[in-house]
**Student:** 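Would you mind keeping the following structure in view while I ask a few things?
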Amino acid sequence: GAFLAKTMRRTVLIFVIGVVLYWLPFVKQDAQGLWHFIPFSATRIPGVLQRIALCYCAASLLLYYLRPAYVWLFAALALLGYWAILAQCGDYSMAGNAARAFDLALLGECHLYHG
């Protein structure tokens, strides 16, 4: 129980820090002194720290609950599976790859990177 609590707390903390760091440059103060945040409908969710948080959580759980041989097998299968998905479901460009199509289907255009 202690391991799961620590892992989940750290995962959520890294994820939230990523969202807050995205929001901070977009906080504006108007003439009346009121602060305005970027609306959630336009917030970029799959940022770098958010992805690191999810990968940390998955890796922690795998390394804690599986034997090293199974972790290596999972890593090899995940890498080959990811390559197969990218090869079969689009191209390798930024605009046409499968990961972008998945993010669009799951999150929508407003929550993705526009730069």
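What you are looking at is a predicted structure, and each value in this text was computed from that prediction instead of being measured.
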**Student:** Can you give me the closest heavy-atom contact between C89 and A98, atom names plus distance?
**Tutor:** O-CB, 3.5 Å

**Student:** With hydrophobic residues grouped by side-chain heavy-atom distances under 4.5 Å, do L62 and Y64 end up in a single group?
**Tutor:** no

**Student:** Hydrophobic clustering (ILVMFWY, side-chain heavy atoms < 4.5 Å, transitive) - are F15 and L106 grouped together?
**Tutor:**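 Yes, same cluster.
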
**Student:** Let me check something: do L61 and L63 share a hydrophobic cluster, defined by ILVMFWY side-chain heavy atoms less than 4.5 Å apart, either directly or through other members?
**Tutor:**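 No, L61 does not connect to L63 through the hydrophobic network.
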
**Student:** What is the distance from atom CG of L86 to atom CZ of R100, rounded to the nearest 0.5 Å?
**Tutor:** 14.0 Å

**Student:** What's the shortest heavy-atom distance between S60 and T7, and which atoms?
**Tutor:** CB-CG2, 3.8 Å

**Student:** Would Y82 end up clustered with Y92 when hydrophobic side chains under 4.5 Å apart are linked, directly or stepwise?
**Tutor:**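 Both belong to a single hydrophobic cluster.
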
**Student:** Can you tell me how far the SG atom of C57 sits from the CD1 atom of I52, to the nearest 0.5 Å?
**Tutor:** 14.0 Å

**Student:** Do you know the tightest heavy-atom contact between D103 and R51?
**Tutor:**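 In terms of heavy atoms, the two residues are closest at OD2-NH2, 2.9 Å.
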
**Student:** Closest approach of I14 and L49, non-hydrogen atoms and distance?
**Tutor:**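 Looking at all heavy atoms of both residues, the closest pair is CG2-O, 3.4 Å.
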
**Student:** Heavy-atom count around F3 CZ within 6.0 Å, excluding the residue itself: above 12?
**Tutor:**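 Yes - once you tally the heavy atoms of other residues, nucleotides and ligands closer than 6.0 Å, there are more than 12.
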
**Student:** Working to the nearest 0.5 angstrom, can you tell me the gap between Y65 OH and L4 CG?
**Tutor:**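 Separation between the atoms: 3.5 Å.
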
**Student:** Is it possible for you to say whether L21 and V48 belong to one hydrophobic cluster, with membership spreading through side-chain heavy-atom contacts below 4.5 Å?
**Tutor:**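 Looking at the clustering, V48 is in the same group as L21.
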
